[in-house]
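Presented below is the structure to which this report refers.
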Amino acid sequence: MAQTPRYRFAPSPTGYFHVGGARTALYNWILALQNNGVFVLRIEDTDDSRNNPQWTKGILEALAWLGIDSSDSHFEGPIFQSANAALHVAAAEKLFAQGVAYYCDLSTEDIQKRAKDSGKQGYDGHSRDRGLGPGKGRVLRFRVPPGSTIVQDEVRGSVEFDNSTIEDFVLLRGNGSPVFLLANVVDDITQGITHVVRAEEHLPNAPKQQMIWQALGHQPPSWAHVPVLVNEQRKKLSKRRDKVAVEQYREEGILAAAMKNYLMTLGWAPTGDTEIVPFEKITADFKLGSVNHSPAFFDIVKLQSFNADYIRAMPVGEFIRACEPWLTREKAPWQAHDYDAKVFAEIAPLVQTRVQLLQDVPSMVDFLFCDLPIIDADAFTKAFAPEWASLTLIEIREGFTTCEFTPDALKAVVEAVGEKHSLKLGKLQAPLRVAVTGRSVGPPLFEPIALLGRDATLRRIDIALAKKV
Ligand code: GLU
């Protein structure tokens, strides 16, 4: 029987969950689904100085948000690397017993001095044949054989490394703790991993890790190193410089479906003439072999435009539910008791076609739930600058006192004033919009005014006119 393919995603919980990590997780998840395999989630939590349970929680929540579902039969874990420390040390001892690894007592200063004296960079293998045993402050190093190491990579093809450029690398630190390279391989072996799909930055580790796999008597996995994500200056996305946290995009109101779809278009494209496709199609189409070698530009503007498309495509009821967290939280600019879900439901279709991020929804509807609109001072000054502005608004106000308070009737009043003064509707309604909503842009005006009601509308116009005079 063919072996079940086992993929894994092995994040280190040392910060917010990076969009690059999310893409790697999606690749592994999709491959596990496609091949009826397993997706192992392994939390590589062995760096005590940088780990924090908060980050692990963030990873688990973000994966669940992306639909990488821990209750799915393809999902295994989370497994915590720190629980396997004894296995890592045992593997190191085995390599020492085999003679594949040796102890070394040189300090960093000793190594630097030797490198300076010899003019050759790095560690020179000084302790290879000194027969040292374990001891305090001694590191265990892997004895890199001569020749070359070929890493067969599903994205990059066959990558050859000259072993003479790889120094005898450390497996156990001077305090006996295993390093990442070793722990990562031992866990992959123990967890039966057959495919390692991860970020390109780990490619230089692959030859070393392949040597460890082989020295421990195992067939190395199938490797795939996926290209990095870069910003608009073509610099690798960095936590310090760029907005990389999945949590942050989620908080802004990027939909999970849009984020998934967008991430999957970075360095790969679904078949057909549109990039906006359901996840089922992506799952069916995706091929590691067609992933591009070059870095992929993480374009926030494009992500937002994907999001707007996804928002527009939602049934309105779903859109309303999706907006709820942004409308009912404390941060909303109105008093909780002034929010009226029924009023929002009325205006939701107009908002849905105009919004890119769910976090922008409150500012498009706040005038309906705040006692008075939050006036944008610049917009106000601009709208009331023309000499006709106040005059026409007084006439509109006049019409609004008696007309039926429906969108059509309100519009007819404004149009009649426009005709009288030979002003187009778009121009004429600018002072009215600022007076009632506080802003110069927003959803079509007459539906919200009808929702707001006559008294509130007239009061706002009066305040604006008084402010103006
Ligand atoms: N823990 C490593 C990281 O977060 C991943 C190592 C791997 O995928 O092999 O970069």
Side-chain angles (χ1 to χ4, degrees), residues 5-32 37-60 62-63 66 68 76-85 87-88 91 149 151-156 159 169 171 177-213 216 218 220-229 236-240 244-247 263 288 291:
R6 291 176 64 85
Y7 299 85
R8 86 319 189 249
F9 176 56
S12 305
T14 54
Y16 288 111
F17 189 44
H18 195 290
V19 284
R23 184 183 59 153
T24 304
L26 284 171
Y27 279 11
N28 280 287
W29 179 243
I30 289 171
L31 291 164
V38 174
F39 170 98
V40 176
L41 173 62
R42 181 171 75 234
I43 305 291
E44 300 210 319
D45 59 343
T46 43
D47 183 351
D48 284 340
S49 60
R50 294 168 71 213
N51 288 331
N52 183 331
Q54 173 204 345
W55 306 131
T56 300
K57 190 167 165 270
I59 292 169
L60 298 176
L63 291 178
L66 291 169
I68 301 181
E76 214 173 277
I79 298 173
F80 290 87
Q81 184 159 66
S82 54
N84 300 334
L87 290 174
H88 308 149
T149 301
V151 169
Q152 290 295 351
D153 190 286
E154 285 195 58
V155 173
R156 322 189 75 84
V159 189
F169 53 89
L171 299 170
S177 67
V179 303
F180 155 75
L181 277 181
L182 176 69
N184 183 263
V185 171
V186 172
D187 282 357
D188 280 344
I189 292 173
T190 314
Q191 290 150 24
I193 300 304
T194 55
H195 293 72
V196 169
V197 179
R198 62 184 177 182
E200 188 182 18
E201 66 199 31
H202 288 291
L203 184 61
N205 294 327
K208 300 177 192 171
Q209 295 193 305
Q210 185 158 296
M211 289 178 207
I212 303 176
W213 275 83
L216 288 171
H218 293 271
S222 159
W223 303 103
H225 289 89
V226 303
V228 287
L229 302 184
K236 191 176 149 194
L237 281 194
S238 108
K239 282 185 188 173
R240 253 154 275 120
V244 297
V246 173
E247 290 91 335
L263 286 174
L288 255 188
V291 170

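All heavy atoms count here, side chains included; hydrogens, waters and symmetry mates do not. Order of appearance sets the numbers: ligands from 1, and atoms from 1 within every ligand.
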Residues which pass ring-ring contact (aromatic ring centres under 6.0 Å, His included) with Phe80, listed by chain and number, not counting sequence neighbours: none

Amino acids contacting ligand 1, non-hydrogen cut-off under 4.0 Å: Arg8, Ala10, Pro11, Ser12, Glu44, Phe180, Asn184, Arg198, His202

Partners meeting side-chain hydrogen bond (donor to acceptor under 3.5 Å, both in side chains) with Ser222 (sequence neighbours left out): Glu154

Proximity of Tyr27 and His195 rings by center, below 6.0 Å: no

Inter-residue atom distance Leu203.CG - Arg156.CZ, 0.5 Å rounding: 6.0 Å

Going by atom type alone, with no hydrogens or angles, which donor-acceptor pairs under 3.5 Å involve a side-chain atom of residues 14-25 and a protein atom two or more places apart or on another chain?
unit_1, atom_1, unit_2, atom_2, d
His18, ND1, Gly20, N, 2.8
Arg23, NH1, Leu266, O, 3.0
Arg23, NH2, Pro227, O, 2.3
Thr24, OG1, Gly20, O, 3.1

Point-to-point distance, once rounded to the nearest 0.5 Å, from CG of Asp187 to CD of Gln191: 4.5 Å

